[in-house]
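Please read the structure below before turning to the comments.
All residue numbers in this chain count up from 1 along the given sequence.
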Amino acid sequence: MTLIEQWGKEYLTVDESYENHLNKFINYIKHINKADMPIRINLEDVEACIKYHNDLGQINTVSSMANHLESLKAFYKFLVSKGWATDIFAEVYDYKAYKKHLADKFNLEEIKERELFDESAIKEIIIALDDYIESGINKNLSGQKRKRFISYIILNLFIKFTLIAPVKRGVICNIKRESFSTDFRTITINEVRINVPNGLRKEIIQSVELAEKLKNKKFEKGNRLFYFLNEGSFRPEDLNTWFCNMLKEFNIVDIPRDKTTYSVETVRNSVITELILKGFNLALISKISGISISTLESRYYKVKFYDSEEINKLINEGIASISYYNYI
């Protein structure tokens, strides 16, 4: 293990919040053969590192670059406290101007909160949460770590419920014990009985059993699932905070460090859009989602445009698929 890797490993025992960006920097330092000569690292190496990862498509926005710099500033603050290195950022006279200089130099863009996630991003979110929960399920967590673990269990369930029933946040947050069948194999939302995938069913049962053990109380009729699972006082708006923290922690999308919430409704919008793109019946989407057909139609023409020839073809194919068509 190189010297810079040893320093990085020790720093991460103190603060894991910048692990992804710190690893980017350490890998670059190894790439330029300074890993065992860290005292020779300078600001030019920092800028070259940003350019290197920008070329790889890993640092593309102002917020991602700012997060990268913040990770290195925190790392060097730690190194200075240990007496291992001097602060390479001490020579930056105007930090705000320095960030602007780098943003202009590498043509970085500002980011906006997404309206939709594509399928790969949704899968990445699910996998990240599943892996995190699996790694901590048998650990005896306490304090903030336990609080964070419970919040991610709730967030994970919320997202998966949204994927099988793209309804408003408030509807999912008010799911009660009686919304489920006795064995948790189905759930009724907006008067629609929805099959619960077996993997999700096991997670619901596991989460409920964990909460019952911690509370010494049964999950009974009248109990709302998410309020029951949370150890404290659950608020639906907490989901936006947890979602933002999760997206930043697992580096799924670029989010400014000072941003504290990210709308979980983005997941719902993504599911509905996918259904629309796949030609799913708007009346059925309206039934489960609670969104009017007129609103869905406006979104439909926004996300998928058909020219007149394609419209003619699809309508004729649809009519021709009806069984009595052959008789005429």
Side-chain angles (χ1 to χ4, degrees), residues 122 125-126 128-130 132-134 136-249 260-272 288-291:
I122 294 290
I125 290 167
I126 295 169
L129 283 169
D130 281 347
Y132 169 79
I133 291 168
E134 186 177 348
I137 197 69
N138 294 317
K139 292 181 180 178
N140 187 22
L141 302 174
S142 61
Q144 285 299 316
K145 287 188 176 180
R146 180 162 121 173
K147 185 177 179 181
R148 174 167 157 263
F149 184 72
I150 296 296
S151 70
Y152 279 7
I153 285 179
I154 295 172
L155 178 64
N156 186 44
L157 289 177
F158 177 88
I159 289 172
K160 289 180 178 178
F161 280 130
T162 303
L163 294 178
I164 65 170
V167 297
K168 292 181 178 180
R169 180 180 65 184
V171 175
I172 292 179
C173 288
N174 284 312
I175 289 172
K176 297 180 179 179
R177 175 61 185 93
E178 56 266 35
S179 303
F180 296 98
S181 59
T182 305
D183 57 6
F184 291 98
R185 293 192 184 278
T186 64
I187 181 173
T188 300
I189 297 178
N190 284 347
E191 300 180 352
V192 178
R193 190 172 66 252
I194 299 163
N195 295 328
V196 178
N198 200 45
L200 176 55
R201 173 179 174 267
K202 289 179 179 178
E203 289 177 33
I204 296 167
I205 293 171
Q206 187 178 50
S207 301
V208 167
E209 288 177 347
L210 176 62
E212 287 179 334
K213 183 179 178 181
L214 293 172
K215 291 173 179 282
N216 194 27
K217 178 182 177 183
K218 283 292 183 182
F219 180 48
E220 298 174 330
K221 184 177 180 179
N223 292 148
R224 290 179 291 180
L225 177 64
F226 292 100
Y227 292 81
F228 184 81
L229 295 180
N230 199 38
E231 289 187 296
S233 177
F234 175 73
R235 302 174 305 165
E237 56 266 31
D238 290 337
L239 289 163
N240 289 342
T241 301
W242 299 341
F243 194 40
C244 184
N245 291 341
M246 178 263 165
L247 293 173
K248 285 194 287 190
E249 180 177 348
T260 58
T261 65
Y262 201 105
S263 176
V264 290
E265 295 287 350
T266 307
V267 178
R268 171 175 172 254
N269 294 341
S270 304
V271 177
I272 293 173
I288 182 58
S289 68
I291 300 173

Start with the C-alpha gap between L229 and I150, add the side-chain angles, then the distance that decides, and say whether side-chain contact (heavy atoms from CB on, under 4.5 Å) holds.
CA-CA 8 Å; L229 295 180; I150 296 296; 5.5 Å; no
Keeping D238 on the side-chain end and F234 on the backbone end, is there a donor-acceptor pair under 3.5 Å?
no
Return yes if some donor-acceptor pair links the side-chain N/O of T261 with the main-chain N/O of N240 below 3.5 Å, else return no.
no
With heavy-atom distances below 4.5 Å as the criterion, would you say the side chains of [X] and [Y] are in contact?
| X | Y | value |
| --- | --- | --- |
| I126 | L163 | yes |
| L129 | K160 | no |
| F161 | I194 | no |
| F184 | R177 | yes |
| K248 | C244 | yes |
| I159 | V264 | no |
| F243 | I125 | yes |
| K168 | N190 | no |

Rounded to the nearest 0.5 Å, how far does [atom2] of [Y] lie from [atom1] of [X]?
| X | Y | atom1 | atom2 | answer |
| --- | --- | --- | --- | --- |
| I164 | L200 | CD1 | CG | 5.5 Å |
| L225 | L157 | CG | CG | 6.5 Å |
| E265 | S270 | CD | OG | 11.0 Å |
| N223 | E212 | CG | CD | 9.0 Å |
| I154 | Y227 | CD1 | OH | 10.5 Å |
| W242 | I153 | CH2 | CD1 | 10.5 Å |

Nearest atoms (heavy-atom pairs only) where [X] meets [Y]:
| X | Y | result |
| --- | --- | --- |
| T162 | V271 | O-CG2, 4.0 Å |
| D183 | R201 | O-NE, 2.7 Å |
| F149 | I133 | CE1-O, 3.6 Å |
| V167 | R268 | O-CD, 2.9 Å |
| K176 | F219 | C-CZ, 4.4 Å |
| M246 | A128 | CE-CB, 3.9 Å |

Pick one: which of V267, I272, I189, I172 meets side-chain contact (heavy atoms from CB on, under 4.5 Å) with P166?
I272
Please determine whether the number of non-hydrogen atoms from other residues, nucleotides or ligands lying under 6.0 Å from atom NZ of K217 exceeds 12.
no
Check whether F226 forms a cation-pi arrangement with R235 (NZ or CZ under 6.0 Å from the six-membered ring centre, at most 45° off the ring normal).
no
For the pair L239 and L155, evaluate side-chain contact (heavy atoms from CB on, under 4.5 Å) and give the outcome as yes or no after the intermediate values.
CA-CA 6 Å; L239 289 163; L155 178 64; 4.3 Å; yes
Any chance you could lay out the side-chain contact (heavy atoms from CB on, under 4.5 Å) test for Y132 and N156, step after step, and finish with the verdict?
CA-CA 10 Å; Y132 169 79; N156 186 44; over 6 Å; no
Would you please name every residue forming a ring-ring contact (aromatic ring centres under 6.0 Å, His included) with F158, sequence neighbours left out?
none
